[in-house]
There are 2 protein chains.
Amino acid sequence: MPKPEVDPTVSLDLSVDRSSPVPLYFQLSQQLEAAIEHGALTPGSLLGNEIELAARLGLSRPTVRQAIQSLVDKGLLVRRRGVGTQVVHSQVKRPLELSSLYDDLEAAGQRPATKVLVNTVVPASAEVAAALGVAEGGDVHRVERLRLAHGEPMAYLSNHLPGGLLDLDTAQLEATGLYRLMRAAGITLHSARQSIGARAATAAEAERLTEDEGAPLLTMQRTTFDDTGRAVEFGDHIYRPSRYSFEFQLLVRP
Amino acid sequence: MPKPEVDPTVSLDLSVDRSSPVPLYFQLSQQLEAAIEHGALTPGSLLGNEIELAARLGLSRPTVRQAIQSLVDKGLLVRRRGVGTQVVHSQVKRPLELSSLYDDLEAAGQRPATKVLVNTVVPASAEVAAALGVAEGGDVHRVERLRLAHGEPMAYLSNHLPGGLLDLDTAQLEATGLYRLMRAAGITLHSARQSIGARAATAAEAERLTEDEGAPLLTMQRTTFDDTGRAVEFGDHIYRPSRYSFEFQLLVRP
DNA sequence: TCAATGTGTATGTCCGGACAATCGAACTAC
DNA sequence: GTAGTTCGATTGTCCGGACATACACATTGA
């Protein structure tokens, strides 16, 4: 065994502001996360025991535990009884999130643009009604958009939303993403059920995406739910696989 | 507003066994989850306030909160201040999990089979070394498998594992899935970073999967980490999209 | 009629303490 | 030397309480 596995306990300067409206455990977890991201806490290093940490910060142990637990849930820390809490060895990227294509592209400096092709209200088809949990034939919004990056077509986005949920302005849809509009309308996104597959492009799809007929396409169907569990969006999207792939992280729930 | 939104409070019989080694909060969360799954707690119904629930069970409020919180994390319950805790409206399927193709197929009654094509130890290529966090040129296991369902090829699975982590027996690999073997060896899987894309089949890939050259394929690359954050597996898989698609649920972290 | 205000209720946050379970290492006995 | 034991350290679980905060609803006022 050539590896001694030292993993020394690291001490760093933490502090909380009791006059802030931000919860104490959240302040602490943010500082710890920043320290990990920043490299002050290196992978494998021990965090020091909770009791001493609580005493050093003038906090109670439950508060410190709550902060640590949130980072464990994110996959940044590992706790082991009798050992301590240590930073995971791997360079974890972003944890899984309900990704917004627009925001993803913007964050990557891809200068996204959107061309709204359809923006109307239609009666719900059987498939859409089932996905959204509304009556078949009832009014639903239908939006079809072409998403471009650097002026090149990247994805064709077809979405259906329950009627009366949201005012969908074409100009706004071209200026930002659908999720951002929904959030701005007071809808709290909560979870989504996704299905990702692949198939060959039809002639119509190929033309829209400037691909050849039969070219491989990446497909994604998604139903998004708000915090009350109601379906708020059903999307059927196709992507050019040369321009886009899905990247995400999964956590195991033991 | 035609919807009255009644959502009556539901009361059901819960009980905990204090002599059991199973934690009290876990007993409670399991019973609540079972009640939701079973239909005793219908979507939208209120759970009754925590204080009264704790008193009814002879538990403290923190314990009850811990049980409820775990179900909120799973996306089964929603809490709102001043309102209460209610069951989400949607019919949530399984929450996201580190899916095992073998187990998925078996659960779906697809009678999976595996044909091991390669099972050796090789020096790590640059790509594999980077993904697994080992030295380039160091020993790594290399496994290539063809996964069949109903006798039809479904996926071609190429995996690399750090050397010395596990004994990989070909017979065992053909009898079960890789993840199950790793778990049986005492490895606790924790998280995985995935990338899903699509591309056209090469001639060699097409032959292995009985597809045509140029046919669309679904691709997945995955690095899996154990509970200490060490990479324990790197996979590069291709699937026949007519036979398989990825289904999973994402939760939003606010 | 409609808006502003109050009030009750439920969850959110935080505290201090107690004991149990588990891990690792030092120690002991053979 | 090796196997088993003990022991300290650390997290896991649970308790009872206190105050803060946000939401829904009723009341009040213009």
Side-chain angles (χ1 to χ4, degrees), chain A residues 1 3-10 16-30 44-73 77-87 186 188 227-228 254, chain B residues 1 3-10 16-30 44-73 77-87 186 188 227-228 254:
Chain A
M1 296 294 164
K3 281 283 285 302
E5 285 282 350
V6 276
D7 292 351
T9 299
V10 173
V16 292
D17 175 11
R18 297 196 88 95
S19 66
S20 163
V22 178
L24 300 177
Y25 76 91
F26 192 75
Q27 292 183 36
L28 178 55
S29 72
Q30 276 193 319
S45 60
L46 288 167
L47 205 60
N49 73 57
E50 305 169 347
I51 315 246
E52 193 246 350
L53 188 56
R56 190 144 60 90
L57 289 165
L59 297 173
S60 70
R61 182 154 89 116
T63 302
V64 172
R65 278 181 65 78
Q66 194 172 359
I68 292 177
Q69 187 59 48
S70 71
L71 297 182
V72 172
D73 290 341
L77 297 177
V78 184
R79 303 215 258 199
R80 273 188 294 170
R81 230 185 254 201
V83 179
T85 305
Q86 53 183 312
V87 183
T188 322
D227 57 355
T228 71
Chain B
M1 298 293 163
K3 283 282 285 299
E5 286 281 352
V6 275
D7 293 351
T9 300
V10 172
V16 292
D17 175 11
R18 298 195 87 95
S19 67
S20 163
V22 179
L24 300 178
Y25 77 90
F26 193 75
Q27 292 184 38
L28 178 55
S29 72
Q30 276 193 319
S45 60
L46 288 167
L47 205 60
N49 74 55
E50 305 169 347
I51 315 245
E52 192 246 350
L53 187 57
R56 190 144 60 91
L57 288 166
L59 298 173
S60 71
R61 190 176 162 221
T63 303
V64 172
R65 279 182 66 78
Q66 195 173 358
I68 293 177
Q69 186 59 46
S70 71
L71 296 182
V72 171
D73 290 340
L77 296 178
V78 185
R79 304 218 257 201
R80 274 187 293 170
R81 231 184 255 201
V83 178
T85 305
Q86 54 185 313
V87 182
T188 321
D227 57 354
T228 71

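Proteins get letters first, then strands, A, B, ... in listed order; numbering begins at 1 in each. Just so it is clear, the structure is predicted and the values come from calculations on it, not from any experiment.
- Taking CD from B:Gln69 and CD from A:Gln69, the interatomic distance works out to 10.0 Å, rounded to the nearest 0.5 Å.
- At a threshold of 4.0 angstrom between heavy atoms, the contacts of A:Arg80 are confined to the sugar-phosphate backbone, with no base atom among them.
- Between B:Thr85 atom OG1 and B:Leu77 atom CG the span is 7.0 Å, to the nearest 0.5 Å.
- When the nearest nucleotides of DNA chain D are assigned to A:Pro21 and A:Val83 by heavy-atom distance, the more 5′-ward of the two goes with A:Val83.
- Distance CG/A:Leu53 to CG/A:Leu28: 6.0 Å, rounded to 0.5 Å.
- Checking the phosphate oxygens (OP1, OP2) of C:dT11, a side-chain nitrogen or oxygen of B:Thr85 falls inside 4.0 Å.
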Contact state string [nucleotides 14-22 of chain C, B base, S sugar-phosphate only, - no protein heavy atom under 4.0 Å]: SBB-B--BB
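- If you measure from atom CG of A:Leu53 to atom C1' of D:dT11, you get 13 Å, rounded to the nearest angstrom.
- We find that CD1 of B:Ile68 is positioned 10 Å from C1' of C:dT11, with the value rounded to whole Å.
- Atom-to-atom distance recorded for B:Gln86:CD and B:Ser45:OG is 8.0 Å, nearest 0.5 angstrom.
- Atom CD of A:Gln69 and atom P of D:dG12 are 7 Å apart (whole Å).
- Distance B:Asn49 CG to D:dC23 P: 18 Å, rounded to the nearest Å.
- Taking CZ from B:Arg61 and CG from B:Asn49, the interatomic distance works out to 8.5 Å, rounded to the nearest 0.5 Å.
- Here the C1' atom of nucleotide C:dC23 and the CZ atom of A:Arg79 are 16 Å apart, to the nearest Å.
- Between B:Glu50 atom CD and D:dA22 atom C1' the separation is 14 Å, expressed in whole Å.
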Just distance, no hydrogens or angles: give the donor-acceptor pairs under 3.5 Å from side chains in residues 19-27 of chain B, sequence neighbours left out.
residue, atom, partner, partner atom, Å
B:Ser19, OG, B:Asp17, OD1, 2.7
B:Ser19, OG, B:Asp17, OD2, 3.4
B:Ser20, OG, B:Val22, N, 3.0
B:Gln27, OE1, B:Asp17, N, 2.8
B:Gln27, NE2, B:Asp17, O, 3.0
B:Gln27, NE2, B:Val22, O, 3.0

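- Counting to the nearest Å, the P atom of D:dG8 and the CD1 atom of A:Ile51 are 17 Å from each other.
- Atom CG in B:Leu46 sits roughly 13 Å away from atom C1' in C:dT11 (whole-Å rounding).
- Residue A:Leu47 is tested with A:Val78, A:Leu71, A:Ile68 for a side-chain contact (heavy atoms from CB on, under 4.5 Å); the sole match is A:Ile68.
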